[in-house]
Amino acid sequence: MSSSPYMMMFGVAEILLSQIPDFDQIWWLSILAAVMSFTYSGIGLALGIAKVIGIGTFRGSLTGISLGTVTPAQKIWRSFRALGDIAFAYSFSMILIEIQDTVKSPPAEAKTMKKATKLSIAITTAFYMLCGCMGYASFGDFAPDNLLTGFGFYNPFWLLDIANAAIVIHLVGAYQVFCQPIFTFVEKWASQRWPESKTITKELKIPMPIRGFRPYKLNLFRSVWRTAFVMLTTVISMLLPFFGDVVGILGAFGFWPLTVYFPVEMYIEQKKISKWSSRWICLKMLSMGCLMISILAGTGSIAGVILDLKVYKPFKTTY
């Protein structure tokens, strides 16, 4: 069946949710997305463990997919793309400030965010390592790109349905968490650029039918701009439905500049770390090492997209 109708349904849902004016008003959606993430990760991990127990052995090898199953070039590209997939999982620094702005104090917002960041990185790493390792141990060289949607597991079908529903709900929430800061940035810039325009600045208060809810603030520019943005990203998704490769590209290009380079440079400036000191050299080596990882990951992911395009027809993706 074609995947395009499902992508369009996802886009319609995002158009509606994108009309929520402020980042702090989607806290409930963020919590729901986090719960769904634990749900499908837990199901995938449990199914992997059950399959390993069922076959009585670990499939695969420490060196990854065997040559013969893939060519040496394909193995290199896939290894590089995997770096991009991993980097994408840690490319969340661009929304940390937005989240920190919604945190209550005391204690100080920065202290709360430090604890939250350490805890989230530890949990994320543990879950992803377990899911990745158990998935590979279950299927070996023929591990699907996505354990839950790549037709690796078939039974119990009801549990897989729950997992896939959790994935959809998680992605609906994750889209908003990442896009709301972009929406806010563009709208603030537009209001400063054209402060006299009523189209951009005027808001109409619409009473909500549900008791206890604040009136909805309708703004013409906000509604049109956010709708257009979601429609554009939906069309791009339908044109490039290569999930693993696209995630690798996004991870590669977003990881080093936003998660490593700018934070490191700001830390050096804030702490007044002198040039060529041992700490300065170590921080620069860390930054350069992560730059190399991003370059390799981007190369592998782009190579994967090029290979996918050889057998691809626009809007004709089927499963």
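Hydrogens, waters and symmetry mates are skipped; everything else that's a heavy atom, side chains included, is used. Given the structure is predicted, the values throughout are model-derived calculations rather than measurements. Each residue takes its place number in the sequence, starting with 1.
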Exercise for the section: May I ask you to check whether Ser18 and Tyr175 show a side-chain donor-acceptor distance below 3.5 Å? Expected result: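 Their side chains do not contain a donor-acceptor pair, so the 3.5 Å distance test is not met.
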Practice task
Consider only side-chain N and O atoms of Trp77 and Thr299, and report whether a donor and an acceptor are under 3.5 Å apart.
Solution key: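 The criterion, which ignores hydrogens and geometry beyond distance, is not satisfied for Thr299 and Trp77.
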Could you tell me if the side chain of [Y] sits less than 4.5 Å from the side chain of [X], heavy atoms only?
| X | Y | value |
| --- | --- | --- |
| Trp225 | Glu187 | yes |
| Thr39 | Ile169 | no |
| Ser197 | Phe221 | no |
| Lys202 | Leu220 | no |
| Glu14 | Val172 | yes |
| Met238 | Thr234 | yes |

Practice task
For Glu265 and Lys284, run salt bridge (charged side-chain N to carboxylate O under 4.0 Å, His left out): C-alpha distance rounded to whole Å, both residues' side-chain angles, the deciding distance at 0.1 Å, then the answer.
Solution key: CA-CA 9 Å; Glu265 292 301 315; Lys284 290 293 184 178; 2.6 Å; yes
[X] side chain to [Y] main-chain N or O, any donor-acceptor pair under 3.5 Å?
| X | Y | answer |
| --- | --- | --- |
| Thr259 | Trp256 | no |
| Glu269 | Val264 | no |
| Thr227 | Val224 | no |
| Ser41 | Ser37 | yes |
| Ser138 | Gly48 | yes |
| Arg226 | Gln19 | no |

For the hydrophobic clusters of this structure (ILVMFWY residues joined by side-chain heavy atoms under 4.5 Å, transitively), does one cluster hold both [X] and [Y]?
| X | Y | value |
| --- | --- | --- |
| Ile20 | Phe10 | yes |
| Trp280 | Leu283 | yes |
| Ile55 | Phe58 | no |
| Ile273 | Val260 | yes |

Problem - Exceeds 12 heavy-atom contacts within 6.0 angstrom, atom CZ of Phe229 - result: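 Yes, because the 6.0 Å sphere around CZ of Phe229 holds more than 12 heavy atoms from other groups.
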Handout entry: Met113 atom CE, neighbour heavy-atom count above 12 within 6.0 Å
Key =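 Yes, CE of Met113 has more than 12 neighbouring heavy atoms, counting only those of other groups under 6.0 Å.
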Handout entry: Ring geometry between Phe38 and Phe127 (parallel below 30°, tilted from 30 to 60°, perpendicular above 60°)
Key =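 Plane angle over 60°, so perpendicular.
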Exercise for the section: Step by step, work out the side chain to side chain contact (heavy atoms under 4.5 Å, CB included) result for Tyr40 and His170. Expected result: CA-CA 9 Å; Tyr40 70 74; His170 172 231; 2.9 Å; yes
Exercise for the section: Could you go through the side chain to side chain contact (heavy atoms under 4.5 Å, CB included) check for Trp194 and Trp189 one step at a time? Expected result: CA-CA 9 Å; Trp194 298 285; Trp189 173 83; 3.7 Å; yes
Practice task
Begin from the C-alpha positions of Tyr261 and Cys290 and carry the test side chain to side chain contact (heavy atoms under 4.5 Å, CB included) through to its verdict.
Solution key: CA-CA 9 Å; Tyr261 175 75; Cys290 291; over 6 Å; no
